[in-house]
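Handing you this structure, nothing more for now.
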Amino acid sequence: MARYRDIANELFEQIDKKVLCAGDRLPSIRAATRRHRVNPGTVIRAYRELEARGLIESRPRSGYFVRPPAERQLSQPTRFKAVPRSVAVQVIDLVFEVFETTKRATPVIQFGAPFMNPELFPLAQVNRAGAAAARRLVSSPIVQDLSPGSAELRRLIALRYLSSGCVVSPDELVITCGAFEAIALSLRVVTRPGDTVAIETPSFYAILQTIQQIGLNVAEIATDPATGVDLNALEHALKTGSIKACVVMPSFQNPVGSCMPDERRKVLAGLAERYKVPVIEDDVYAELHFGAHRPRPVKAFDRSGWVLHCGSFSKSLAPGYRIGWAAAGRFTRALWQQKVISSFNTAPICQETLVGFLRRGGFERHLRQLRRSLSARCREMLRAVSAEFPTNCRMSRPDGGYMLWIELPQSVDVMQLHRRALAAGVSIAPGPMFSARRGYRNCLRLSFGYASTAQIREGIHTLGRLVRSASMEGVARKRERRRTAASSKR
Ligand SMILES: Cc1ncc(COP(=O)(O)O)c(C=O)c1O
């Protein structure tokens with residue numbers, strides 16, 4: 001190992017174990033040079049490395065000082081690399097195993113749940129709209145013939161598209177049982193079992209499960225933790241001609257929280273058109289933006305109907321009502337037929353409830369409040385993780401949604417951490433759930449959509465302690481292996 005790294009690691013351990021505390025001055029370059037018997041350039045390189053990690057700062061003519069934890073921010077995760085080879089997905093068993101272990105442990109602090117806290121939704125108002133809908137439905141035909149969904153609900157959804165800069169006709173919309181069904185139907189319409197689908201890595205486990213169940217293979221495409229799927233890598237894969245569809249989540253991706261910039265969304269829509277490959281756009285978190293504007297859907301740049309846009313009210317208004325939709329472009333008719341074949345229609349009472357609520361007004365006000373709550377929880381979680389986790393961890397910085405991704409030191413086994421965290425009353429979502437090949441064994445997804453800010457502080461404190469001890473055990477194991485290897489050589 002390079003000498004400068006040895007020096008940086010030694011100092012890192014001292015800061016991490018609080019031997020060196022906030023405000024302490026590091027040894028001068030000259031003193032460190034003498035102590036480590038290296039040249040000054042090596043020490044300067046080590047100090048710069050710690051500075052880049054946000055651990056120390058240089059003060060003009062005074063030297064280098066340890067920064068206070070509250071001012072530190074962990075670095076972004078490294079770019080997610082992928083081998084875009086077609087592979088079979090194997091996650092269903094693992095996902096259920098994690099669900100069941102979590103359920104048995106009944107954790108008090110939920111960072112693993114994919115759901116938000118019900119308190120964040122105006123459920124009393126929605127339920128009142130539900131009661132009124134029930135009265136209306138008694139006097140009208142409950143099941144309409146082979147309908148793609150309530151005409152009025154589709155009109156109201158089309159109006160919401162307009163406000164995000166996207167023109168979608170109500171006739172292009174099929175109402176589904178959540179976005180989940182919209183995505184599953186889209187996949188069934190545009191692929192055949194055995195086909196290969198391009199996906200981001202890491203990807204939401206429920207989509208991986210659907211892909212596995214349909215019998216599709218995946219090509220994982222490299223992804224940037226801030227800006228989403230790498231379009232050059234995607235184009236490279238598309239050029240081979242073996243990709244039959246892409247599934248992407250450009251807005252506040254689950255599990256990372258990345259958000260694709262507008263100009264790249266336009267490029268993505270262009271790729272779909274050029275290679276005539278359908279893009280399934282999972283956009284369930286788009287309304288949960290912390291900035292001033294909702295990101296424009298890729299669908300807004302789609303000129304020839306290759307984008308199937310899937311959305312729902314599950315994350316923005318009414319999780320239990322299971323109302324989603326697909327704006328399926330050139331595949332609309334095929335998708336509607338698939339919907340009729342698989343479940344006939346979506347519960348009319350739920351559709352009518354949302355019509356009643358949306359007509360009454362108040363959705364925008366609720367969304368503003370929801371975004372404020374999530375943004376505050378996100379800030380709290382980012383601050384707590386930066387302060388409590390070892391400084392060689394990395395974390396994403398979402399600008400919307402309610403998930404963030406953490407990369408732990410390589411030596412930490414996240415499945416073991418998951419079990420220890422549950423025993424301490426905290427749930428997490430381990431990284432291997434988000435990978436076709438059960439990779440990301442040192443990563444995890446944390447949700448800030450369920451716990452209160454006080455629980456976030458407490459839960460992250462507990463997790464930080466567990467991560468530190470797992471990391472130290474990992475380092476000790478590595479040292480032991482090295483010692484054994486060295487003694488067996490002798
Ligand atoms: C990324 C992503 N897509 C789709 C869904 C499914 O949404 P719905 O509840 O509307 O079916 C979820 C739900 O957790 C999700 O996180």
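For the numbers below, each heavy atom of this structure counts, side chains included, while hydrogens, waters and symmetry mates do not. For ligands, and for the atoms within them, numbers begin at 1 and follow the listed sequence. Because the structure is predicted, anything quoted here is derived from the model rather than measured.
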**OP:** Using distance alone, with no hydrogens and no angle criterion, decide if Arg136 and Thr353 have a side-chain donor and acceptor under 3.5 Å apart.
**Re:**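 Their side chains do not contain a donor-acceptor pair, so the 3.5 Å distance test is not met.
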Original post:
What residue among Pro77, Ser396, Pro255 forms side chain to side chain contact (heavy atoms under 4.5 Å, CB included) with Leu404?
Top reply: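 Checked Pro77, Ser396, Pro255 against Leu404; only one passes side chain to side chain contact (heavy atoms under 4.5 Å, CB included): Ser396.
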**OP:** Hey, can you tell me if Phe434 and Tyr205 have their rings parallel, tilted or perpendicular (30° and 60° cut-offs)?
**Re:**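 Phe434 and Tyr205: tilted rings.
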Subject >> Identified side-chain hydrogen bond (donor to acceptor under 3.5 Å, both in side chains) counterpart of Lys339 within the set Thr176, Thr346, Asn345 >> reply: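 Result for side-chain hydrogen bond (donor to acceptor under 3.5 Å, both in side chains) with Lys339: Thr346.
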Name each N or O atom in ligand 1 that is under 3.5 Å from a protein N or O, and give the partner atom and the distance.
from: ligand 1; atom 1: 3 (N); to: Asp282; atom 2: OD1; distance (Å): 3.3
from: ligand 1; atom 1: 3 (N); to: Asp282; atom 2: OD2; distance (Å): 2.6
from: ligand 1; atom 1: 9 (O); to: Ser314; atom 2: OG; distance (Å): 3.1
from: ligand 1; atom 1: 9 (O); to: Arg322; atom 2: NH1; distance (Å): 2.8
from: ligand 1; atom 1: 10 (O); to: Ala179; atom 2: N; distance (Å): 2.8
from: ligand 1; atom 1: 10 (O); to: Ser312; atom 2: OG; distance (Å): 2.7
from: ligand 1; atom 1: 10 (O); to: Ser314; atom 2: OG; distance (Å): 2.7
from: ligand 1; atom 1: 11 (O); to: Ala179; atom 2: N; distance (Å): 3.1
from: ligand 1; atom 1: 11 (O); to: Phe180; atom 2: N; distance (Å): 2.9
from: ligand 1; atom 1: 11 (O); to: Arg322; atom 2: NH1; distance (Å): 3.4
from: ligand 1; atom 1: 11 (O); to: Arg322; atom 2: NH2; distance (Å): 2.9
from: ligand 1; atom 1: 14 (O); to: Lys315; atom 2: NZ; distance (Å): 2.7
from: ligand 1; atom 1: 16 (O); to: Asn254; atom 2: ND2; distance (Å): 2.9
from: ligand 1; atom 1: 16 (O); to: Tyr285; atom 2: OH; distance (Å): 2.6

Original post:
For Arg330, does the CZ atom have more than 12 heavy-atom neighbours from other residues, nucleotides or ligands under 6.0 Å away?
Top reply: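 It does: Arg330 CZ has more than 12 such atoms within range.
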**OP:** For the residue pair Phe363 and His366, categorise the inter-ring angle as parallel (less than 30°), tilted (30 to 60°) or perpendicular (more than 60°).
**Re:**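 Phe363 vs His366 ring planes: parallel.
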